[in-house]
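As structure tokens, the structure follows; a few thoughts come after it.
Just so we're on the same page: letters track the sequence lines, and every chain starts at 1.
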2 protein chains.
Amino acid sequence: MPADHLHLLDRHSGVPLYQQLYELLRRRILSREWRAGHMLPTEAQLMEQYGVSRATVRQALDTLATEGLIYRQRGRGTFVAHPTVQQGLVRIVSFTEDMRQRGFEPKTRVLNTGIIAASADLAKVLDIEPGAEVARIERLRLADGEPMSIEVSFLVHALCPGVLQYDYARRPLRQTLEQEYGLRITRATQAIRAINAPDDIAKRLTVAPGDALIFIERISLSQYNIPVEFLRIYHRGDRYVLYNELRG
Amino acid sequence: MPADHLHLLDRHSGVPLYQQLYELLRRRILSREWRAGHMLPTEAQLMEQYGVSRATVRQALDTLATEGLIYRQRGRGTFVAHPTVQQGLVRIVSFTEDMRQRGFEPKTRVLNTGIIAASADLAKVLDIEPGAEVARIERLRLADGEPMSIEVSFLVHALCPGVLQYDYARRPLRQTLEQEYGLRITRATQAIRAINAPDDIAKRLTVAPGDALIFIERISLSQYNIPVEFLRIYHRGDRYVLYNELRG
DNA sequence: TAGTGGTCTAGACCACAAA
DNA sequence: TTGTGGTCTAGACCACTAA
């Protein structure tokens with residue numbers, strides 16, 4: 001079974017081998033092909049299967065381990081992590097992916113879309129001129145039919161003209177940006193706060209005004225390191241929990 | 001100037017070389033010996049100065065980069081990161097360290113201490129018998145004289161008998177655990193939520209009851225992978241913000 | 001004892017930034 | 001052109017787990 005496997009990684013694509021391998025393994029974990037506790041191939045097996053060196057294999061596994069998707073035990077092997085102790089604070093995860101991992105059935109409802117003129121503040125974070133066109137998309141996210149979060153996206157319209165013509169109840173925004181506009185979101189910085197729910201948000205989340213929410217503001221950058229999206233997320237405090245691991 | 005530098009790392013200590021180098025560099029950054037924007041020695045220089053291979057140097061730098069303490073630019077060099085977009089969600093950071101980095105002057109007031117019997121829930125997370133002795137320490141954390149957070153620690157008393165005799169307004173808890181009991185906190189898992197301030201907490205934080213708080217529950221493990229502390233942190237929502245970076 | 005991941009070395013070629 | 005970090009290889013020895 002040699003030749004076939006050697007060609008699963010493309011040495012001329014420009015994408016580093018360790019990253020190709022990382023994505024390949026990641027897909028098999030997230031798709032549940034490999035369940036929690038399942039042992040991954042050993043490093044030696046991965047070297048042989050994909051025709052790369054051990055350092056390359058380890059670089060791919062290191063990333064997965066940092067994200068909490070796998071754990072390693074010397075002398076035993078490498079295993080798929082149990083999803084209790086989670087990422088979510090390391091990688092950009094889609095709402096759909098996030099909810100599936102938490103065992104909920106996700107759904108999306110688009111509340112509002114429109115083109116607006118950038119305010120001074122918005123212009124600053126998106127690094128555009130005040131008054132420039134910004135596409136605004138407001139979505140309600142549901143888990144098992146119950147409101148979980150509201151996401152308000154502000155997109156630099158010059159980078160993705162006509163972005164509002166697509167149906168974001170069905171199609172992920174990030175997929176559209178990549179396929180239609182060649183924009184890949186590669187990095188983001190975010191601030192996490194606790195706020196009391198304003199009346200309008202509370203209503204749409206079906207909680208009482210003043211109830212505590214997790215409020216996240218995120219700036220997402222494209223592969224060219226240019227701001228593409230400013231995102232505000234309001235998570236219901238009674239339903240949404242962020243998990244992570246710390247080192248001493 | 002060769003020989004001296006070659007001995008800054010101890011090849012017989014059992015501590016991996018990359019980790020020794022990582023800690024050494026980390027200290028120089030956190031102590032502000034190297035300020036934000038300062039260029040670190042190049043990888044080649046570090047190899048020579050410490051007598052290690054490039055892979056070892058890079059392993060140390062990778063960790064610092066993951067934590068957000070440094071950033072690298074191909075063709076230019078490696079630099080100390082600006083503390084705006086920070087960790088706090090990767091490494092266990094003391095309140096004092098955390099506040100200093102945010103430009104506040106930290107202070108601590110001990111509100112309450114005592115020995116209690118472990119409830120069923122507490123026993124479960126600390127992996128001890130229900131009813132076993134637990135040391136409880138409640139501290140108010142101030143930044144520039146204003147209340148910022150309340151921290152309630154629950155310590156497995158059997159692991160650190162007499163731990164309450166020390167003054168935790170002056171002496172960090174983690175330092176005491178290490179110096180007096182040989183316990184190093186090496187790992188922790190935490191859950192982050194938004195809650196409405198209960199009356200008693202609100203009063204001590206000088207906010208209104210119901211105001212939104214960031215509520216963190218953390219289980220800290222020793223170097224032996226045994227639970228040592230269960231910690232509840234209540235951060236004022238109007239003053240405390242968590243920052244982090246995501247990858248796409 | 002055999003097989004696993006953890007650490008480390010010495011080397012190579014590359015893309016990119018700056019002079 | 002020079003020097004930087006980014007990627008990759010081939011090999012080595014080790015500590016730990018499980019049979």
Side-chain angles (χ1 to χ4, degrees), chain A residues 6-25 37-66 68-81 186-187 223-225 247, chain B residues 6-25 37-66 68-81 186-187 223-225 247:
Chain A
L6 296 182
H7 293 287
L8 285 172
L9 301 185
D10 182 352
R11 294 189 104 90
H12 305 292
S13 71
V15 180
L17 296 177
Y18 74 88
Q19 199 174 312
Q20 293 182 46
L21 180 54
Y22 155 77
E23 277 164 13
L24 203 147
L25 296 172
H38 181 277
M39 184 175 160
L40 271 66
T42 67
E43 296 181 354
Q45 286 169 342
L46 290 172
M47 289 168 66
E48 206 202 324
Q49 280 176 32
Y50 297 101
V52 294
S53 71
R54 187 158 171 223
T56 302
V57 167
R58 284 185 62 81
Q59 199 168 355
L61 294 177
D62 283 347
T63 315
L64 291 167
T66 303
L69 279 173
I70 63 169
Y71 60 94
R72 289 137 127 172
Q73 289 186 9
R74 190 191 322 215
R76 298 227 309 127
T78 302
F79 305 87
V80 177
T186 55
R187 252 163 28 88
Q223 68 265 45
Y224 312 114
N225 262 329
R247 289 179 303 110
Chain B
L6 295 181
H7 293 287
L8 285 172
L9 301 185
D10 183 351
R11 296 189 101 90
H12 305 291
S13 71
V15 180
L17 296 177
Y18 76 86
Q19 200 173 313
Q20 294 183 45
L21 180 54
Y22 154 77
E23 277 163 12
L24 204 147
L25 295 172
H38 181 276
M39 182 174 161
L40 270 67
T42 68
E43 295 180 354
Q45 286 169 343
L46 290 171
M47 289 168 67
E48 206 203 324
Q49 281 176 31
Y50 296 102
V52 294
S53 70
R54 185 155 172 225
T56 301
V57 167
R58 284 185 63 81
Q59 200 168 355
L61 294 177
D62 282 348
T63 314
L64 291 167
T66 302
L69 280 173
I70 62 170
Y71 60 94
R72 301 195 265 202
Q73 290 187 8
R74 188 188 331 211
R76 299 228 307 129
T78 301
F79 304 87
V80 177
T186 55
R187 254 167 21 93
Q223 69 266 44
Y224 312 115
N225 261 330
R247 289 179 303 109

**Message:** For a quick check, with a 4.0 angstrom heavy-atom cut-off, what is the B/S/- contact string for nucleotides 4-13 of chain D, read 5' to 3'?
**Reply:** BBBBSB--B-
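- Partners of B:R76 under the side-chain hydrogen bond (donor to acceptor under 3.5 Å, both in side chains) rule, at least two apart in sequence or in another chain, are B:Q73.
- Partners of B:E43 by side-chain hydrogen bond (donor to acceptor under 3.5 Å, both in side chains), not counting sequence neighbours, listed by chain and number: B:R54, B:R58.
- Every residue two or more places apart in sequence or in another chain that forms a side-chain contact (heavy atoms from CB on, under 4.5 Å) with A:A44 is listed here: A:T42.
- Heavy atoms only, all atoms of each residue included: A:G68 and A:A81 are closest at O-CB, 3.2 Å.
- Among residues two or more places apart in sequence or in another chain, the side-chain hydrogen bond (donor to acceptor under 3.5 Å, both in side chains) test is passed with A:S53 by A:T56.
- Helix-axis bend for the helix from C:dT1-D:dA18 to C:dA18-D:dT1: the local axis fitted to the five terminal pairs at one end deviates from that at the other end by 0°, rounded to 10°.
- Between B:Y22 and B:A60 the shortest heavy-atom distance is N-CB, 3.8 Å.
- Atom CG of A:L25 sits about 6.0 Å away from atom OH of A:Y50, to the nearest 0.5 Å.
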